[in-house]
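This report concerns only the one structure given below.
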Amino acid sequence: MAYKDLHDKPFEENTIAKLEIFEDYAQAWIPTFVMQNVSSICIFDFFAGTGYDKNGVAGSPIRILDKIKEQVISIFQRKVKVRVFLNEFNTEKFELLKKSCEEYLKINDYVGQAIEINYFNEDFENLFHKLLPIIKDFPSLVYLDQNGIKFLSEKYILELEKMRQTDFLYFASASYLWRFGDSREFKAHLDVEMSEVKSEPYRFVHRSFINQLKKKLPLNTQLKLYPFSLKKGANIYGIIFGASHPLAVDKFLRIAWKRNEINGEANFDIDDDNLKKQRSLFGNQPLTKIEAFQENVRNKILNKEIVDNFQLFGFVLEEGHLPKHATEILRKMKSEGEIWFDGKFPLITYENVYSIKRKISYLVLKK
Ligand SMILES: C[S@@+](CC[C@H](N)C(=O)[O-])C[C@H]1O[C@@H](n2cnc3c(N)ncnc32)[C@H](O)[C@@H]1O
């Protein structure tokens, strides 16, 4: 498969969207650990590119440094060591990467003092296994901004699955899967049930891909995977976010829903929610993604499958929604006399469930 070289031209809109999601996550991730006074945190960019595009727009490594720069005061105050690992296989690009970062750190020398930066000019395949012990030992954020799809194979996903304090963001071309998923070459990397993928419309390909990946995980896995599809013309790419910790998932979902308040999952109207809203004006009531989720929550509460905020918060994350979607429906149910809970709010937040561990029950009054 011939890959396009991203750096001989300006970044496209899609690439910028991907980079913004990457950097938004770094922005949310860094303070989580800095505030916990951990000794070291690690950020890995295994496919780092050159640092900037042709027009000087920052790529992932410079954006990582920018996010560290934003929080450098607390990093110093809390004496946290930030270790950055940047890799680029192509030697020419590697030289540019090093130059870009060194220049950045010369201008922002205090960022240089706050971090330990490590450059690699290696094939991901070898480097990943070399750096695995570090990923394992420290809170780590891992970017896997590959071209195509090759490095999403089971051997890497299953290693990442074992980590308990690692969050990762993969980039994948779901269109490649659609086109080449049945080929022997592709199956050697990842054996996906293409009949299942193709039983859904093409626009869901990235979502289906993640469903296939989930099937490769151990039954008792704690790893959660979430998609964010990026469409450009006929091609669909996407981010796959993975983490085991509920706080990490909560943070990613907030970023995803901020980018798209209708579906939190794509840079386009993946579920035709706008059309559904129009149809509902004419009397039919097809439910939008948020409405369908709220209806689901309502039924689970009335059927007592979900009885308190601890269970509900878990369900919200599992379904890739925001706590506020569930909060809205619970408050409505309370005001309509279907349920009762103590206080004004149903306490569906990470803070209540995991930090202060405040459990409240939802009592069903009428079904
Ligand atoms: C999608 S680009 C990454 C772009 C980068 N994140 C940025 O923001 O500019 C993928 C990069 O991975 C590099 N690459 C390709 N195969 C690789 C491999 N086996 N190991 C490491 N890097 C590789 C390519 O040269 C390319 O620069």
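Start at 1 and go down the list; that is how both ligands and their atoms are numbered. Excluded from the calculations below are hydrogen atoms, water molecules and symmetry mates; all remaining heavy atoms, backbone and side chain alike, are included.
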Examine the proximity of ligand 1 to Asn87 and report which part, side chain or backbone, both or neither, has a heavy atom under 4.0 Å away. side chain
Heavy-atom contacts under 4.0 Å between Thr15 and ligand 1: side chain, backbone, both, or neither? neither
Would you mind running through ligand 1 and noting each atom that sits below 4.0 Å from a heavy atom of [X]?
| X | value |
| --- | --- |
| Asn147 | 1 (C), 2 (S), 10 (C) |
| Phe124 | 18 (C), 19 (N), 20 (N), 21 (C) |
| Glu122 | 20 (N), 21 (C) |
| Leu19 | 8 (O) |
| Ser60 | 5 (C), 6 (N), 7 (C), 8 (O) |

Smallest heavy-atom separation, Phe228 atom then Asn267 atom, equals CE2-N, 3.6 Å
Taking every non-hydrogen atom, the tightest pair across Leu223 and Gly242: CD1-C, 3.8 Å
Quick one: do the Asn118 and Glu116 side chains pair a donor with an acceptor below 3.5 Å? yes
Quick one: do the Asn108 and Lys69 side chains pair a donor with an acceptor below 3.5 Å? yes
Charged tip of Arg83 within 45° of Phe138 ring normal and under 6.0 Å: yes
Checking Lys251 against Tyr25: charged group under 6.0 Å from the ring centre and within 45 degrees of the axis? no
Of the listed options (Lys150, Glu92, Glu88), which comes nearest to atom 11 (C) of ligand 1 when hydrogens are ignored and any heavy atom counts? Glu88
To which of Gly59, Ala48, Gly148 does the heavy atom nearest atom 5 (C) of ligand 1 belong? Ala48
What about [X]: any of its N or O atoms under 3.5 Å from an N or O on ligand 1?
| X | result |
| --- | --- |
| Lys93 | yes |
| Asp45 | no |
| Phe151 | no |
| Gln146 | no |
| Asp123 | yes |

Residue-ligand contact [X]/ligand 1, heavy atom below 4.0 Å:
| X | value |
| --- | --- |
| Arg63 | no |
| Phe11 | yes |
| Tyr143 | no |

How are the rings of Tyr354 and Phe313 set relative to one another: parallel (under 30°), tilted (30 to 60°) or perpendicular (over 60°)? perpendicular
Between Phe46 and Phe124, what is the ring plane arrangement, given parallel below 30°, perpendicular above 60°, and tilted in between? perpendicular
The complete set of salt bridge (Lys or Arg N to Asp or Glu O under 4.0 Å) pairs with one or both residues in residues 23-50, sequence neighbours excluded, reads Glu23-Arg63
Reference residue Val82; test side chain to side chain contact (heavy atoms under 4.5 Å, CB included); the match among Ile68, Ile117, Ile30: Ile68
Considering residues at least two apart in sequence or located in another chain, which fulfil the salt bridge (Lys or Arg N to Asp or Glu O under 4.0 Å) criterion with Arg254? Asp250
